[in-house]
Amino acid sequence: MTLNQLNYVITIAKTGSMNRAAQLLYISQPSLTSAVQELERELGIILFNRSGRGVTLTGDGAQFLQYARQLYSQYEDILERYGANCMLKKKFGVSTQHYSFAVKAFVDMAQQFDMSKYEFAIRETRTADVIRDVGTMKSEIGILYLCDFNRRGLEKMLRSAGLEFHHLIQCKAYVYLWKGHPLSGEAAISFDQLSKYPCLMFEQGDDSPFFLGEEILSDREYPQIIRANDRATMLNLMVGLKGYTLCSGIICEELNGNEFVAIPFLDDTENRNSVMEIGYIVRKNTFLSQLGELYVMELKKYLEEIQCGSRINTSIM
């Protein structure tokens with residue numbers, strides 16, 4: 001097994017095409033196919049399913065890819081640190097639930113570097129994908145939250161993926177809505193008051209368990225629900241349909257604008273306001289890279305500024 005073969009597998013999995021991978025790797029497709037087949041014979045497994053539409057990972061291939069990425073990433077780290085005249089770009093990725101503060105910290109981190117020398121990635125995505133991305137080393141860091149209703153399920157998923165959770169901040173849930181919403185002037189908003197307006201939730205997939213939801217009370221029956229895939233669409237729905245969402249209340253006006261407000265969610269005996277513990281996840285028994293350490297530092301700095309400069313009830317460690 002060679003490092004080139006590991007890179008071949010990683011590139012094929014990324015592109016889903018032998019032809020496209022060969023172009024990116026600057027080798028002929030027959031040579032690439034031969035190298036992969038030789039590796040499969042050595043390992044005694046089939047890495048890819050091949051069809052007229054392209055290639056997909058087998059179960060064994062997906063498992064092997066996790067180790068291949070980890071090993072090849074360490075090889076890249078060695079080249080970055082010790083290689084003479086190395087032109088290899090340092091890679092750094094973050095996967096996150098839909099938090100503008102996570103993007104803000106990423107922006108502040110990236111601005112401190114010559115971005116022509118780095119390959120950065122920020123992925124706002126589904127909860128399960130955040131866990132999967134960090135588990136497979138597609139991203140070094142993931143951002144998500146735990147609370148009473150999702151903690152058991154998410155902690156089980158984290159353990160299975162070999163990940164650990166690090167606390168950043170705790171906060172009560174808020175109702176996030178447009179300033180022109182009829183309820184925007186309320187001091188606090190109850191579940192009953194929200195019944196006539198559509199609840200906006202980030203889509204997690206048809207077969208996803210309720211605990212993967214980004215919003216508290218994801219298991220409740222809502223009279224009206226609209227699911228979206230990104231923050232921009234959700235903000236548009238808040239304006240166009242007077243929708244709302246239940247979130248941390250940590251608003252980054254620099255990115256989201258100042259046309260939205262976060263109002264405390266007033267709970268009752270049936271609809272409890274859970275404490276949201278927001279944190280970052282990483283692989284167990286690993287040290288953060290320089291970029292990872294700086295990103296976490298920017299996260300903590302921004303959240304501390306939010307805590308000191310807003311009325312949001314938070315506690316930070």
Side-chain angles (χ1 to χ4, degrees), residues 94-111 122-127 130 143-145 168-204 213-218 220 222-267 271 273-274 276 278 298-299 301-314 316:
V94 173
S95 293
T96 175
Q97 292 177 324
H98 298 79
Y99 297 129
S100 58
F101 67 81
V103 180
K104 167 64 175 171
F106 190 90
V107 170
D108 292 342
M109 179 274 299
Q111 287 178 338
I122 177 77
R123 305 174 178 95
E124 282 193 343
T125 186
R126 300 174 180 180
T127 304
V130 173
I143 310 295
L144 47 74
Y145 88 96
L168 286 171
I169 194 170
Q170 288 183 338
C171 51
K172 288 282 192 175
Y174 280 65
V175 181
Y176 191 38
L177 38 70
W178 177 46
K179 282 185 176 179
H181 194 285
L183 298 176
S184 63
E186 298 289 327
I189 301 175
S190 69
F191 193 80
D192 288 341
Q193 287 177 284
L194 294 168
S195 61
K196 65 176 69 173
Y197 305 104
C199 177
L200 308 177
M201 293 186 174
F202 287 110
E203 191 171 39
Q204 299 294 332
E214 292 190 33
E215 305 79 16
I216 70 163
L217 304 177
S218 297
R220 299 293 297 170
Y222 290 86
Q224 305 176 57
I225 292 181
I226 299 178
R227 301 190 185 278
N229 288 322
D230 60 84
R231 278 189 296 115
T233 299
M234 187 165 284
L235 295 178
N236 290 337
L237 294 173
M238 288 181 184
V239 176
L241 296 176
K242 295 184 173 60
Y244 71 91
T245 189
L246 297 173
C247 69
S248 66
I250 303 174
I251 303 174
C252 179
E253 292 188 351
E254 184 177 338
L255 298 180
N256 280 9
N258 60 3
E259 295 301 314
F260 304 89
V261 294
I263 299 173
F265 175 65
L266 183 62
D267 63 357
N271 306 287
N273 189 337
S274 299
M276 302 175 67
I278 299 173
E298 293 294 343
L299 273 176
K301 182 172 71 174
Y302 181 72
L303 291 173
E304 287 171 352
E305 291 172 356
I306 288 291
Q307 180 186 22
C308 295
S310 76
R311 59 184 173 81
I312 294 175
N313 178 24
T314 62
I316 193 165

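None of these values were measured; they are calculated from a predicted model. FYI, side chains are in, hydrogens and waters are out, and symmetry mates aren't considered; it's all heavy atoms of this structure.
Side-chain atoms of E124 do not come within 3.5 Å of backbone N or O of D230 as any donor-acceptor pair. E214 contributes no side-chain N or O that, together with a main-chain N or O of Y145, makes up a donor-acceptor pair within less than 3.5 Å. Side-chain N or O atoms of T245 include one that pairs as donor or acceptor with a backbone N or O of L200 at under 3.5 Å. In this structure, the side chain of Q224 engages the main chain of K196 through a donor-acceptor pair within 3.5 Å.
Note on ring orientation: taking the six-membered ring where Trp is involved, the planes of F191 and F265 are perpendicular (angle over 60°, cut-offs 30° and 60°).
Under the side-chain hydrogen bond (donor to acceptor under 3.5 Å, both in side chains) criterion, Y176 pairs with N256, not counting sequence neighbours. Checked against side-chain hydrogen bond (donor to acceptor under 3.5 Å, both in side chains), S184 has no partners two or more places apart in sequence or in another chain. In this view, N236 satisfies the side-chain hydrogen bond (donor to acceptor under 3.5 Å, both in side chains) rule with no residue, not counting sequence neighbours.
Taking the side chain as every heavy atom from C-beta outward, P264 and K172 never approach each other to under 4.5 Å. For the pair C171 and I278, the minimum side-chain heavy-atom distance is below 4.5 Å. At a threshold of 4.5 Å between non-hydrogen side-chain atoms, the residues F260 and M238 count as touching. Looking only at side-chain heavy atoms (C-beta outward), L303 and F101 come within less than 4.5 Å of each other. The shortest distance between side-chain heavy atoms of Y197 and L183 falls below 4.5 Å. Counting heavy atoms from C-beta on, the side chains of V103 and R231 come closer than 4.5 Å. Put simply, the side chain of Y174 does not reach to within 4.5 Å of the side chain of S248, judged on heavy atoms.
Annotation: the span from E259 atom CD to L177 atom CG amounts to 12.5 Å, rounded to 0.5 Å. For the atom pair CE (M109) and CD1 (I122), the distance works out to 8.0 Å, reported to the nearest 0.5 Å. Rounding to the nearest 0.5 Å places NE2 of H98 at 7.0 Å from CG of N229. Going from atom CG of L144 over to atom CD of Q97 covers 5.0 Å, rounded to the nearest 0.5 Å. Taking NE2 of H181 as the reference point, atom CD1 of I189 lies at 7.0 Å (rounded to 0.5 Å). To the nearest 0.5 angstrom, L241 atom CG is 5.0 Å from I226 atom CD1.
In summary, E304 and K301 do not engage in a salt bridge, as defined by a charged side-chain N under 4.0 Å from a carboxylate O.
Here the closest non-hydrogen pair linking A102 and L299 is CA-CD2, 4.1 Å. Heavy atoms only, all atoms of each residue included: Q193 and A188 are closest at OE1-O, 3.8 Å. Between T233 and A228 the shortest heavy-atom distance is CG2-CB, 4.1 Å.
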*Check step by step if side-chain contact (heavy atoms from CB on, under 4.5 Å) holds for V175 and L246.*
CA-CA 5 Å; V175 181; L246 297 173; 3.7 Å; yes

